[in-house]
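So that the names make sense, note that chain A is the first sequence line, chain B the second, and so on, each numbered from 1.
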There are 2 protein chains.
Amino acid sequence: MTPTDRRKRTPAKINSNPAVVTDLVIFTVIESDLKVLLIQRDTPPFRGTWALPSNELRVRHDGDQGEDIEDAARRTFQDATGLSVDHCHMKQLHTFGRAGRDPRMRVISVAWYALLRPSLATQASPTKEGAPFQWFSVSEEAPWMRLAFDHAEILALGAERIAQTIEDSNLAYTLAPHIFTVAELQSVYEATQHRKWDPRNFRRRFQRMVDDGTIVESPGKRHRGKARPASVWRFAENSFVPTLNKSSG
Amino acid sequence: MTPTDRRKRTPAKINSNPAVVTDLVIFTVIESDLKVLLIQRDTPPFRGTWALPSNELRVRHDGDQGEDIEDAARRTFQDATGLSVDHCHMKQLHTFGRAGRDPRMRVISVAWYALLRPSLATQASPTKEGAPFQWFSVSEEAPWMRLAFDHAEILALGAERIAQTIEDSNLAYTLAPHIFTVAELQSVYEATQHRKWDPRNFRRRFQRMVDDGTIVESPGKRHRGKARPASVWRFAENSFVPTLNKSSG
DNA sequence: ACAAAAGTGTTCGGGTTACACCCATGT
DNA sequence: ACATGGGTGTAACCCGAACACTTTTGT
């Protein structure tokens, strides 16, 4: 904390502070495929290219100092999806601050990732009228090779992080339907972890979550085609985790 | 990225951007104890209290845009220790941006942790003449209950993160003497992980690092008091890892 | 001889991997 | 009967946890 003598070091110039934005990597799993929400830019620079949802941090220098950085992330989420951040897991990813990452001016981006249930994802739509948006497949690299700014780098880090997160937590519930079969949950793990699971090995992991009460069986069966019906399950509410947190999980 | 229309949203006001600083949690291990480098503030607010080393990000709005955020962290490290960041591991921790965390103005802090070999740590001294600094024990909570700003929170997160990092990587080499005994390396693990290791279990882990070439035996023996001499070891240079990186390890 | 620290082995439980076949249903 | 997807068991290996005694040296 050394802005003590800012006036001395930075020769009194209007706005010698950087802009601060929150960029969001909003993930969901649709049709066994990891998707990310992108919005098409309608202003330069990078007009017409796809970008992560983003907002500038609101700052006041009078009275209160504006919004917490977490609130800016929440707001960005709401602007991008039209949804409340409740029951959606969101966590800080990394802060990107390379000089020149925005050609217009100095911008520091605090990037977050969010995990959105598919049932909500299909309802998502930016609050800004007419903003073109789309869920892109993360594994088909085509579009995100050319994202605006350094967003491809941010997305890549998010995709890496989510794999680890799903591996060491129960957070898959944030990407699963409320009611699901074992195979459906397996496909969530496979999509987020960028790998295949053996069905027997996956069921052992699944069974552990049943044993410790994370997952409970749900009444009824799921019929698919002319095949044996599958049991259905749901996550126990008490296994849910705070929406926004900073722990290292 | 939406500073497109900043002028519309924030009623044209001088400096409506937040200040951005880099705060460093610089760790070392001295006498089997995890230490953190703190500097006593000589200006308000929190004049006289201990704080993490910090610097404001250098921003220009003409030509180049100033320094990368990583460079600001490096510079903060150099100012705080007088040392180059080479052979010292440094990684981004978290970005803290609560409104009001600095009473003077809106400040966003990008926090990093750094791991410094004890041999260098004892030579460390802020480049700023006469700045009071000290290595504080992290486990004796006394001082850091009253750190400036939210630095206690930052330090706590750093201490949590380092435990995990040492657990899943070879990064202990950044906190070990160049030449060390098994017991000495064990004490590095114990200090950083806030727990005790059984000597036999630790040696098994140690042996794995020997087997995969991370650690190699060093000629000679270490004599301590009237006891059996210990073999000495060193980390193989090729097990070193880039100084500054963003991967999730 | 004794004090001091170095060094050593085994058992158990749990997790991960790899791997191939039978079951229940609809048509 | 057959096609479809649901469901299952075992062996090998690695890892972490718990636990107590012998060895080598200096004095």
Side-chain angles (χ1 to χ4, degrees), chain A residues 31-32 163-170 172 176-177 179-234 249, chain B residues 31-32 163-170 172 176-177 179-234 249:
Chain A
E31 293 168 358
S32 307
Q164 197 58 43
T165 301
I166 294 295
E167 179 65 24
D168 351 294
S169 73
N170 296 329
I179 300 290
F180 51 86
T181 67
V182 177
E184 282 167 353
L185 191 64
Q186 181 177 339
S187 78
V188 170
Y189 274 71
E190 292 181 338
T192 50
Q193 300 194 124
H194 326 298
R195 68 148 169 149
K196 285 291 180 191
W197 278 80
D198 176 273
R200 287 161 290 186
N201 293 340
F202 185 78
R203 286 188 106 87
R204 196 177 0 269
R205 176 155 185 169
F206 192 97
Q207 188 58 45
R208 228 177 298 136
M209 292 194 274
V210 174
D211 291 344
D212 68 17
T214 307
I215 291 177
V216 296
E217 193 159 5
S218 195
K221 295 280 177 183
R222 173 80 49 89
H223 290 256
R224 274 230 303 164
K226 54 178 173 177
R228 175 178 178 175
S231 310
V232 292
W233 310 78
R234 60 182 177 79
Chain B
E31 291 168 358
S32 307
Q164 197 58 43
T165 300
I166 294 295
E167 179 66 22
D168 356 287
S169 73
N170 295 330
I179 300 290
F180 51 86
T181 67
V182 177
E184 282 167 353
L185 190 64
Q186 182 177 337
S187 78
V188 170
Y189 275 71
E190 291 180 341
T192 51
Q193 300 193 120
H194 326 298
R195 68 148 170 149
K196 286 290 182 193
W197 278 79
D198 176 271
R200 288 160 290 186
N201 292 338
F202 185 77
R203 286 187 107 88
R204 197 178 357 270
R205 175 154 184 169
F206 192 97
Q207 189 59 46
R208 257 201 307 279
M209 291 195 275
V210 174
D211 291 344
D212 67 18
T214 307
I215 291 178
V216 295
E217 194 160 6
S218 193
K221 295 278 177 185
R222 171 81 48 89
H223 289 256
R224 274 232 300 166
K226 56 177 174 178
R228 175 177 177 175
S231 308
V232 292
W233 310 78
R234 61 181 176 79

**Message:** With a cut-off of less than 4.0 Å, is there a side-chain N or O of B/R208 near OP1 or OP2 of D/dC15?
**Reply:** yes

**Prompt:** Phosphate oxygens OP1/OP2 of D/dG6: is one of them under 4.0 Å from a side-chain N or O of A/S231?
**Reply:** no

**Item:** Nucleotide D/dC15, atom C1' - distance to CE of B/M209 in whole Å
**Value:** 14 Å

**Item:** Side chain of A/R200 - closest among C/dT8, C/dA24, C/dA20
**Value:** C/dA20

**Rounded distance in Å - CD (A/E167) to P (C/dG15)** = 12 Å

**Prompt:** Taking C-beta and beyond as the side chain, do A/M209 and A/L185 meet within less than 4.5 Å on heavy atoms?
**Reply:** yes

**Length of the CZ-C1' vector between B/R222 and D/dT24, whole Å** = 17 Å

**Request:** Give a yes or no on whether the backbone of A/S231 and the side-chain of A/E217 come within a donor-acceptor separation of less than 3.5 Å.
**Result:** no

**Prompt:** Roughly how many Å is it from CG in A/L185 to P in D/dG7, rounded to a whole number?
**Reply:** 13 Å

**Minimal non-hydrogen separation, A/V210 against A/W233, with atom names** = CG2-CZ3, 3.8 Å

**Prompt:** Rounded to the nearest Å, what distance is computed from the NE2 atom of residue A/H223 to the P atom of nucleotide C/dG26?
**Reply:** 6 Å

**Request:** Please determine if a side-chain N or O atom of B/R195 lies less than 4.0 Å away from the OP1 or OP2 oxygen of D/dA17.
**Result:** yes

**Prompt:** Looking only at side-chain N and O atoms, does A/R203 come under 4.0 Å of OP1 or OP2 in D/dT8?
**Reply:** yes

**Asked** Whole-Å distance between C/dT17 P and A/Q193 CD?
**Response** 10 Å

**Fill in**
Between A/P199 and A/K226, whichever has its closest DNA chain C nucleotide further toward 5' is A/P199

**Item:** Non-hydrogen atoms of A/R205 and A/S169 that approach each other most closely
**Value:** NH2-O, 4.0 Å

**Asked** To the nearest angstrom, how far is B/D198 atom CG from D/dC15 atom C1'?
**Response** 14 Å

**Message:** What's the closest nucleotide to the side chain of B/R228 if the choices are C/dA18, C/dA5, C/dA24?
**Reply:** C/dA5

**Prompt:** What's the shortest heavy-atom distance between A/A163 and A/Q193, and which atoms?
**Reply:** O-OE1, 3.5 Å

**Item:** Earlier contact from the 5' end, DNA chain C, for A/W197 and B/N201
**Value:** B/N201

**Between P of D/dG16 and CZ of B/F206, the distance in whole Å** = 16 Å

**Request:** Establish whether the base of C/dT17 is bridged to the side chain of A/R204 by a donor-acceptor pair shorter than 3.5 Å.
**Result:** yes

